[in-house]
Amino acid sequence: MVFALYDTATRSVTPFEPVRPGKVSIYHCGLTVQGPPHIGHIRKEVVFDVLRRWLTRAGYDVTIVANVTDIDDKIIAKGAEQGRPWFAVAYENERALHAAYEVLGCVAPTYEPRATGHVPEMIEMMQELIARGHAYAADDGSGDVYFDVRSWPEYGRLSNQKVDDMQPAEDAPPEGKRDPRDFALWKGHKAGEPETASWPTPWGRGRPGWHLECSAMAAKYLGDEFDIHGGGLDLRFPHHENELAQSTAAGQKFARYWMHNAMLNLSGAKMSKSVGNTLMVSEVVKRVPAIALRYYLVSAHYRSILEFSEEALQEAATAFGRVEGFVTRAAELVGPGDLGEPTLVFSAAMDDDLAVPTALAEVQRVIAEGNRLLSGGASDELRSCLAAVRAMLDVLGLDPLSATWAAGTSDDGARRAADALVASLLEQRAEARAAKDFATADRVRDQLASAGVEVEDTPQGPRWTIQADAKEAT
RNA sequence: GGUGGGUUGGCCGAGAGGAGAGGCAACGGACUGCAAAUCCGUGCACACGGGUUCGAAUCCCGUACCCACCUCCA
């Protein structure tokens with residue numbers, strides 16, 4: 001079966017054929033770094049991380065470009081508000097974004113270009129568009145440059161809208177526009193805005209409009225035609241519609257497939273800064289292990305709205321605990337081994353527009369099989385079962401034994417100290433049990449439990465784990 | 001007003017015309033000194049009203065409600 005992807009432009013699942021054999025080029029819109037990322041933002045990162053991992057496993061050489069929009073109205077406003085340069089605000093939030101990538105185990109994009117570093121490319125593109133009759137500099141002296149929507153018959157194709165049905169663009173005052181729906185490629189410098197937020201152009205000083213940077217950077221890093229362009233569904237219009245118009249009007253082929261992830265809702269509404277219903281990644285990972293948050297975000301199909309609730313998050317953490325439990329128990333018995341191959345059912349699900357929920361059901365099925373094997377002790381069957389499970393989890397970025405997640409959880413001094421202490425207590429308990437002194441045995445177990453150490457008896461003897469939520473015991 | 005998506009068991013969440021996703025929770029059983037973990041089993045859900053069909057959660061028509069976008073948005 002061939003990988004197939006839902007294409008927003010055609011609104012159908014289409015077989016994927018890359019522009020260049022063996023290679024996949026992906027551009028997805030990163031953040032406007034006006035604030036630290038919330039879990040809705042990071043859902044998108046996780047979705048594209050899974051896409052990347054799956055395509056990589058399929059043997060493609062994957063290049064991912066994700067932009068950082070480091071200049072816009074809100075960043076400038078925040079800088080002014082906080083009494084510091086706009087670029088300080090942008091950089092701080094860019095770092096928070098990178099920290100969130102890392103904490104959730106997302107592989108960093110291949111390139112992550114910033115808008116402000118690509119002004120010359122944008123100027124060239126505007127010149128091209130003006131030469132072709134699809135853009136114009138406003139004649140009101142504002143220094144704005146607009147895209148001429150009426151000059152491009154395909155405008156509206158991506159979002160399936162007719163220009164006449166659209167409401168006027170409010171990204172700039174309408175005075176200089178030929179049509180109220182024309183959108184800004186470039187914004188002229190305004191009095192009161194910091195000088196540092198403007199760059200020279202043939203039309204005067206100014207700064208990038210939001211959409212142009214992506215067209216310019218996608219072309220620079222991925223070429224005139226590339227495979228997949230993605231982002232949150234809320235970017236389909238106007239952002240992606242405008243990008244498509246700019247790039248194709250400038251003579252490029254642009255993206256073959258458009259992939260959009262659905263929003264993450266909180267209290268029935270899209271999580272967003274303007275609604276004020278945001279949950280920062282940095283906060284949520286205090287309540288639940290980061291890998292469990294990732295499991296939660298991954299577990300719903302990327303095109304389904306995910307209605308966030310604390311209960312659902314906790315439930316996901318419990319469900320993932322079962323997965324993690326099998327992997328660690330099996331690895332204790334037969335060693336971590338190498339990654340194997342995903343099962344055919346898993347692969348078919350992933351090939352079908354990343355049907356992760358179906359794929360995850362398969363992981364659970366294989367784990368149930370693995371748990372049955374586990375009671376028989378070490379075996380080749382168990383070894384290959386673990387290898388398959390790990391391979392499938394790896395595709396989702398959820399392999400607990402991978403370098404990403406295993407780091408810092410073993411081999412450090414604290415762990416060795418705890419190991420020694422717990423071992424001596426477990427020895428006492430074993431002696432008590434041998435003497436049928438169960439009161440003493442249970443007291444030792446309770447003592448450990450109150451310290452957050454959970455003891456389980458297995459055919460191979462007792463094993464213990466530190467409960468993650470114990471440190472937050474109330 | 002325009003363009004899309006949705007409503008599934010106690011909860012989360014798949015599926016898209018022909019016995020059953022999966023998970024969480026619950027209950028029963030096995031295992032255990034007791035637990036924990038694990039395994040086995042139980043639960044027969046598809047917003048509402050019509051229609052098509054041998055057969056509809058799935059297709060069609062209508063109704064209600066929800067969400068997103070219509071130039072700040074992942």
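Chain letters run A, B, ... following the sequence lines, proteins first and then strands; every chain starts at 1. Heavy atoms only: backbone and side chains are in, while hydrogens, waters and symmetry mates are out.
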Practice task
Pick base, sugar-phosphate or nothing for A:E311, based on heavy-atom distances below 4.0 Å to the nucleic acid.
Solution key: nothing
Exercise for the section: Classify the side chain of A:R445 and the base of B:rA36 as holding, or not holding, a donor-acceptor pair under 3.5 Å. Expected result: no
Practice task
Classify the nucleic acid contact of A:I42 as base, sugar-phosphate or nothing, counting any heavy atom under 4.0 Å across all strands shown.
Solution key: nothing
Exercise for the section: Pick base, sugar-phosphate or nothing for A:G268, based on heavy-atom distances below 4.0 Å to the nucleic acid. Expected result: sugar-phosphate
Practice task
Check every strand shown and say whether A:N371 touches a base, only sugar-phosphate, or nothing at a heavy-atom separation below 4.0 Å.
Solution key: sugar-phosphate
Practice task
Check whether the side chain of A:E315 and the base of B:rG23 form a donor-acceptor pair under 3.5 Å.
Solution key: yes
Practice task
Name the nucleic acid region contacted by A:R463, choosing base, sugar-phosphate or nothing; use a 4.0 angstrom heavy-atom cut-off, strictly under.
Solution key: nothing
Practice task
Give A:S309 one of three labels, base, sugar-phosphate or nothing, depending on what nucleic acid heavy atoms sit under 4.0 Å from its own.
Solution key: nothing
Practice task
Please confirm whether any donor atom in the side chain of A:D457 sits under 3.5 Å from an acceptor in the base of B:rA37, or the reverse.
Solution key: no
Exercise for the section: Decide yes or no, distance alone: a donor-acceptor N/O pair under 3.5 angstrom between the base of B:rU71 and the side-chain of A:Y146. Expected result: no
Practice task
Determine the contact category for A:D164: base if any of its heavy atoms lies under 4.0 Å from a base atom, sugar-phosphate if only primed atoms, P, OP1 or OP2 are that close, otherwise nothing.
Solution key: nothing
Practice task
Under 4.0 Å between any heavy atoms, over every strand shown, what does A:L31 touch: base, sugar-phosphate, or nothing? Just pick one.
Solution key: sugar-phosphate
